[in-house]
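See structure below.
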Amino acid sequence: MDPLNLQEYEAVAREVLRPMAFDYIAGGADDEATVTANREAFARRHLRYRTLVDVSERDLSTHLLGIDLPHPIILAPTAMHQLAHPEGEAETARGAAAAGALLTLSTISTVSLEDVAAAAPDAPRWFQLYCYGDRSFTELLVKRAYESGYQAIVVTVDVPVLGRRERDLRNSFALPDGMRLANFEQPVPRPEGGSALVQWTTAIQTPALTWEDLGWIRSLAPLPTLIKGIVRADDALRAVEAGIDGIWVSNHGGRQLDGAIPSLDALPEIVDAVGEQCAIIVDGGVRRGTDVLKALALGADGVAIGRPQLYALAVAGADGVRRVVELLRDELSLAMALAGCPSLAEVERDLVR
Ligand SMILES: Cc1cc2nc3c(=O)[nH]c(=O)nc-3n(C[C@H](O)[C@H](O)[C@H](O)COP(=O)(O)O)c2cc1C
């Protein structure tokens, strides 16, 4: 039976994924309170729909940092897609391209950034950057992304150190044989116990990144730069003052600081502070077209999904990825019709309470 919605993809994925991989994808930090809170933030808000509007045609198209898109649904950067499918991120890229979704590739992908670009050469793509203690390596990553046609750099700033993900500790999470982080030369160590990801992050990622480093990161390529992992207006303002082109409101899907504010709750203050000056993306718990509508109404320009793309990839490869984006897009179109919004321009804050 074909999954009818994003939650059903999760249920099927749980059956087909190895438990260690499912736990890695589904899990969050500590008590996973923020994972739950991200969803609840959508449920708490209700739609004040308009009536007697001609909605016989709906226009979902939008424009983000120089890219024309048929809809505002984005694939958030998620690590290690070969845990879900042997072709990994190349397969995801084919699915994203088929559905017209902007793909954000993680630094810690299991297919190299060049091979992902080659899998869907004409499709829009951004590159997510983790900053490493070895500055020259960080510079090389950005240079490679630029040369491979990635159209923006998304700097993730909510991982100075890795959150404590107890499912991974319990499972002694390690990369299965034959799988590697393809943008790196060095292999990920196999831990005796604990999570391989904790050891890897501690060994090479820098916890010392600060506002002073943003200028350096921006100088690495002539591309727009976004900052991912912001949940406060003052941080957003500071980023924009530093010349950042986009704020990605996110708490990393509840995988970092447990107890963090749900990203949807953080969105309005950030939109009020910098919404006119830069692009705003939000992610965390988006599972329905009505969730996308609520996020857009609160001022997001683009809305991203993390876990659902991996569940879909595990269930049906590129077709699955295409299908989850199309489901979400069609749900958004339906919600716009029912809410009296023929285009995204009518999706304004007074739609939500
Ligand atoms: C399995 C997994 C891996 C992730 N890897 C990354 C990553 O490499 N870089 C990053 O910036 N965010 C990463 N994230 C966070 C996502 O980009 C996104 O913020 C989050 O998944 C959104 O929440 P959702 O899963 O509820 O949609 C990851 C999330 C998951 C679930």
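Atoms within each ligand, like the ligands themselves, are counted from 1 in listed order. These numbers come from a predicted model, not from an experiment. Each residue takes its place number in the sequence, starting with 1.
- No more than 12 heavy atoms of other residues, nucleotides or ligands sit less than 6.0 Å from atom CD of E276.
- At least one heavy atom of Y130 sits less than 4.0 Å from an atom of ligand 1.
- Taking every non-hydrogen atom of L310 and a distance limit under 4.0 Å, the qualifying atoms of ligand 1 come out as 1 (C).
- Counting atoms of ligand 1 from 1 in the listed order, those under 4.0 Å from a heavy atom of Y24 are 1 (C), 3 (C).
- Considering all non-hydrogen atoms of both residues, V157 and P160 come closest at O-CD, 4.1 Å.
- Summarising the contacts of atom 3 (C) of ligand 1 with A79, S106, G253, the nearest heavy atom is found in A79.
- Smallest separation of non-hydrogen atoms from A196 and A174: CB-CA, 3.9 Å.
- In this comparison of R287, K228, R255, the heavy atom closest to atom 26 (O) of ligand 1 sits on R287.
- Remark: R287 fails to qualify as a cation-pi partner of Y9 under the 6.0 Å distance and 45° angle criteria applied to the six-membered ring.
- Of the candidates A84, S109, P77, the one placing a heavy atom closest to atom 16 (C) of ligand 1 is P77.
- Considering both main-chain and side-chain atoms, G306 comes within under 3.5 Å of ligand 1 through a nitrogen or oxygen pair.
- The nearest heavy-atom contact from the protein to atom 11 (O) of ligand 1 is T156 OG1, 2.7 Å.
- When all heavy atoms of D265 and R44 are compared, the pair lying nearest together is OD2-NH2, 3.0 Å.
- Residue contact annotation: N38 has no non-hydrogen atom under 4.0 Å from ligand 1.
- Distances between N or O atoms of I25 and those of ligand 1 include no value under 3.5 Å.
- Those atoms of ligand 1 that come under 4.0 Å of a heavy atom in I108, given as number and element, are 8 (O).
- Of all atoms in ligand 1, numbered sequentially from 1 with element shown, those under 4.0 Å from a heavy atom of S250 are 19 (O).
- Taking all atoms of both residues into account, the shortest heavy-atom contact from Q82 to R18 is O-NH2, 4.4 Å.
- When only non-hydrogen protein atoms are considered, atom 19 (O) of ligand 1 lies nearest to D283 OD2, 2.7 Å.
- Using a 4.0 Å cut-off between heavy atoms, Q128 contacts ligand 1 through its side chain alone, with no backbone atom that close.
- Interface atoms of ligand 1 facing G284, defined by a heavy-atom separation under 4.0 Å, are 22 (C), 23 (O), 26 (O).
- Looking at T104, its side chain does come within 3.5 Å of a backbone N or O of L75 through a donor-acceptor pair.
- Note on D245 versus R218: no salt bridge recorded, every NZ/NE/NH1/NH2 to OD/OE distance being 4.0 Å or above.
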Item to check | Evaluation steps, salt bridge (charged side-chain N to carboxylate O under 4.0 Å, His left out), between D23 and R170 | outcome: CA-CA 10 Å; D23 275 350; R170 182 67 58 220; over 6 Å; no
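- If you run side chain to side chain contact (heavy atoms under 4.5 Å, CB included) between R323 and each of L327, V325, D319, only L327 comes through.
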